[in-house]
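Encoded as structure tokens, the structure appears first; notes follow it.
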Protein chains: 4
Amino acid sequence: MTADRPVLYPDRVVRIVNHPVTKEQVVGEFRCRAIQEAAMRVVGRKGLANATVQEIASEAGVAKGTVYLYFRSREEIIEKATQTAVDELLARILEAIRAGGPFREVLERVLTTHIGYFDEHQDFFRLYFAMADGSEESRRRRLENRRRHVAQLAEMVAAAAKRGEVRAAEPERVAVAVAGVVREVVFRRVDGKSSYPLADEVEFLADLFCDGICAPRRRR
Amino acid sequence: MTADRPVLYPDRVVRIVNHPVTKEQVVGEFRCRAIQEAAMRVVGRKGLANATVQEIASEAGVAKGTVYLYFRSREEIIEKATQTAVDELLARILEAIRAGGPFREVLERVLTTHIGYFDEHQDFFRLYFAMADGSEESRRRRLENRRRHVAQLAEMVAAAAKRGEVRAAEPERVAVAVAGVVREVVFRRVDGKSSYPLADEVEFLADLFCDGICAPRRRR
Amino acid sequence: MTADRPVLYPDRVVRIVNHPVTKEQVVGEFRCRAIQEAAMRVVGRKGLANATVQEIASEAGVAKGTVYLYFRSREEIIEKATQTAVDELLARILEAIRAGGPFREVLERVLTTHIGYFDEHQDFFRLYFAMADGSEESRRRRLENRRRHVAQLAEMVAAAAKRGEVRAAEPERVAVAVAGVVREVVFRRVDGKSSYPLADEVEFLADLFCDGICAPRRRR
Amino acid sequence: MTADRPVLYPDRVVRIVNHPVTKEQVVGEFRCRAIQEAAMRVVGRKGLANATVQEIASEAGVAKGTVYLYFRSREEIIEKATQTAVDELLARILEAIRAGGPFREVLERVLTTHIGYFDEHQDFFRLYFAMADGSEESRRRRLENRRRHVAQLAEMVAAAAKRGEVRAAEPERVAVAVAGVVREVVFRRVDGKSSYPLADEVEFLADLFCDGICAPRRRR
DNA sequence: TATGAATGAGAATTCATTCAT
DNA sequence: GATGAATGAATTCTCATTCAT
């Protein structure tokens with residue numbers, strides 16, 4: 001998990017299989033991953049519109065034609081690469097939520113996870129934040145991801161509301177706000193405009209969401 | 001000011017001139033505006049990368065070549081269209097800030113202005129929020145607009161802090177948060193995912209930023 | 001006849017007309033000439049392929065549309081401009097030939113006239129020497145001009161042969177050689193590669209054609 | 001070596017290699033050559049300005065895009081095609097000069113080589129004699145070729161002068177004259193205006209340059 | 001399977017020509 | 001007549017995708 005080569009899949013994958021995995025499958029999965037990661041690095045460098053299949057292939061160390069053995073089209077590469085990384089990100093956030101604890105603690109863990117993920121996988125953010133320039137299908141997928149993301153955050157808020165830790169009203173809207181703020185903060189961090197330590201960033205945002213800015217600081 | 005045809009310039013323009021404006025100038029300005037607006041609609045429909053000069057021209061009701069009488073390149077169309085609208089948006093937000101009053105009131109006015117602007121000019125949001133894949137110049141311009149936007153919001157917060165209405169700390173970070181939340185909310189509104197009345201949306205966000213979500217609702 | 005503005009027509013034109021020339025005709029001819037001269041200057045500056053109608057029009061001080069009142073197409077402008085200048089050049093050479101005298105004298109006069117014409121009308125040479133990139137018609141015209149040119153020179157040689165001043169054989173081939181050498185010399189002069197005084201250039205070439213390079217210099 | 005398909009490279013290429021040439025290299029070189037030759041034929045037919053990449057590609061029997069696998073731009077095709085052929089031509093002329101012998105003999109060999117080359121590669125002459133309308137770089141290249149050509153001829157004259165075979169004065173100017181005459185003669189031959197046998201053409205020109213036209217024919 | 005040469009649809013841009021004013 | 005805005009055909013170049021080896 002170096003900064004140089006984002007790993008799209010969870011670090012440890014437990015395979016529960018009863019028939020052996022053929023070498024072809026292993027190689028195939030390895031290629032898929034390599035191409036997706038290459039796509040991300042290229043998009044990170046050049047932007048979505050300027051990421052050519054040729055450059056992605058070169059970056060992945062394969063020939064251009066090979067890419068089409070694993071993906072049907074350029075769009076599919078982008079799509080799958082995004083999806084793989086989003087799934088990973090949302091899985092981590094979910095984990096952070098499920099770990100439980102007081103709301104403030106959970107919120108901080110979620111923010112840390114989220115912002116930290118982008119600190120680590122800077123190449124990914126261009127993909128994640130690109131407006132849907134692609135097909136209708138692609139657009140739909142992005143919206144669905146957004147929905148899942150908001151739903152997770154809303155679950156976190158709703159749970160806290162049930163416990164009486166936060167005002168009960170409209171967890172989804174709060175979730176939207178959190179997502180928006182994180183996006184903007186990540187943008188500034190990746191773009192080099194801001195370089196607060198992660199913990200500091202998280203504390204500031206947790207304060208903001210918990211207490212607003214009108215009240216005097218309550219804790220810590 | 002229909003949704004169909006965003007107007008890029010202030011609604012009422014008072015011309016104080018003593019020498020008449022030639023017809024050519026008027027036609028020229030009209031064409032420029034028509035092309036910019038067409039560009040916005042096409043980008044709104046197809047996304048930035050898929051907006052071709054041909055389609056922009058058709059949308060504007062002119063031939064492809066005509067576009068190049070008014071703009072040097074596709075990039076310039078996009079650039080100018082974005083800039084015209086951003087200038088207009090930021091001018092309105094600034095006005096909302098300068099009108100003064102208690103923080104909560106100012107904040108609500110700003111949110112209303114901002115979100116309302118995008119409600120009115122839905123086509124514009126893809127341009128405003130697009131990652132800049134283009135030239136270095138284009139990238140710089142976008143960052144500069146972002147900077148201006150945040151600076152305005154920060155000024156609002158700083159003024160309130162001076163008056164003791166909000167916690168003094170770090171107006172710029174608050175500004176970034178506000179910008180992020182508004183972006184996300186606008187995205188959902190334009191995308192049809194959310195249809196709260198504008199006033200409701202504003203009140204919710206104002207509450208959030210003023211009091212956070214941990215305290216019980218304080219006012220209203 | 002300034003270097004700045006080559007005049008395509010003989011300096012003094014004696015009109016033998018019995019009905020008055022209307023103002024329209026005068027203006028018309030003036031415009032025609034202005035446009036042709038402009039075309040030459042532009043071609044001289046930019047090359048044939050890069051000389052646009054717009055730039056020719058601007059150079060001539062008229063609007064683009066006006067050009068089409070006097071010429072049917074860009075090609076016709078180029079065609080006519082070339083033709084006018086070629087006619088002028090050939091007329092001068094003919095004059096130089098017709099003035100008579102010993103061969104050597106006539107040859108020198110012709111060379112002086114020819115090379116001198118291009119020294120004066122440097123803009124013209126690009127047109128004159130351009131290979132026929134245009135239509136079949138245009139190609140034919142150029143060949144015809146070449147033929148006339150060679151025929152004139154051949155007449156000069158033939159006359160001298162008749163007088164026994166030069167070897168009788170094949171005046172046309174000699175004429176071709178003279179035309180070729182002049183073209184090359186002019187090219188170098190205009191291109192700035194060579195800057196011998198005109199008289200010197202002429203003397204060298206006259207020596208070459210009269211005596212070859214094997215014999216010792218005979219005269220002067 | 002048909003008139004239909006000028007061969008840009010020397011007829012017999014002796015490859016002294018100890019590692020095998022890959023098939024890719026061979027195919028690549030073949031394509032390069034095919035495209036260059038196609039370019040020449042198209043320029044020969046349509047003129048430099050009217051030779052489009054599409055037509056060159058079709059003539060070469062490949063798709064438009066293929067051309068760009070081997071050349072960076074239309075200009076480069078033209079440039080390289082010209083250069084390859086010019087290098088070949090000048091190499092042959094140099095060989096003719098270096099073979100030595102009495103001036104008259106060398107001159108005849110050079111003229112035979114030069115005119116003969118264009119008799120064989122008629123398509124090439126439009127490229128060789130075209131004015132350079134293109135980039136500064138392209139212009140420079142053409143001048144440099146011209147310079148090399150003249151320098152070679154001048155060397156020939158200078159050597160003869162040293163041996164006392166010709167008047168010593170100004171070999172370069174003589175060289176320019178020779179170049180000019182050859183150009184013109186080639187032009188007429190290619191254009192179908194003249195169809196003297198090559199040997200006859202050469203003898204006539206050799207006579208002209210050696211003895212001029214005033215003296216009675218001295219030899220043969 | 002892997003390759004990368006070949007393809008050709010499609011994009012931006014230019015400019016000769018037309019035509020309403 | 002004169003103008004210059006408008007047009008759109010034509011051109012160069014790119015790049016996703018295919019396919020023979």
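Below, chains carry the letters A, B, ... as their sequence lines are ordered, and counting in each starts from 1. Keep in mind that the numbers below use all heavy atoms, side chains included, and drop hydrogens, waters and symmetry copies.
The CG atom of A:Leu48 sits 13 Å away from the P atom of F:dC15 (whole-angstrom rounding). Between D:Ile78 atom CD1 and F:dT11 atom P the separation is 14 Å, expressed in whole Å. Regarding A:Arg72, its CZ atom lies at a distance of 12 Å from the P atom of F:dT17, rounded to whole Å. Atom CD in A:Gln54 sits roughly 16 Å away from atom P in F:dT18 (whole-Å rounding). Taking atom CD1 on C:Ile35 and atom C1' on F:dA2, their separation rounds to 11 Å, with Å as the unit.
Scanning for ring-ring contact (aromatic ring centres under 6.0 Å, His included) contacts around A:Phe125 gives an empty result, with sequence neighbours left out. Remark: A:Tyr68 engages no residue in a ring-ring contact (aromatic ring centres under 6.0 Å, His included) (not counting sequence neighbours). Partners of B:Arg126 by salt bridge (Lys or Arg N to Asp or Glu O under 4.0 Å), not counting sequence neighbours, listed by chain and number: A:Asp133.
Each of E:dT18, E:dA11, F:dT12 was ranked by its minimum atom distance to the side chain of D:Thr52; first place goes to F:dT12.
Taking for each of B:Arg74 and C:Glu75 the nucleotide of DNA chain E with the nearest heavy atom, the 5'-most of the two is the partner of B:Arg74.
Each salt bridge (Lys or Arg N to Asp or Glu O under 4.0 Å) pair with one or both residues in residues 62-71 of chain C, not counting sequence neighbours, would appear here, but there are none.
Using a 4.0 Å cut-off, no side-chain N or O of D:Tyr68 falls inside it from OP1 or OP2 of F:dT14.
Between its opening and closing five pairs, the helix from E:dA2-F:dT21 to E:dT21-F:dA2 changes axis direction by 10°, a value rounded to 10 degrees.
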B/S/- along nucleotides 2-7 of chain E (protein heavy atoms under 4.0 Å) is BBBSBB
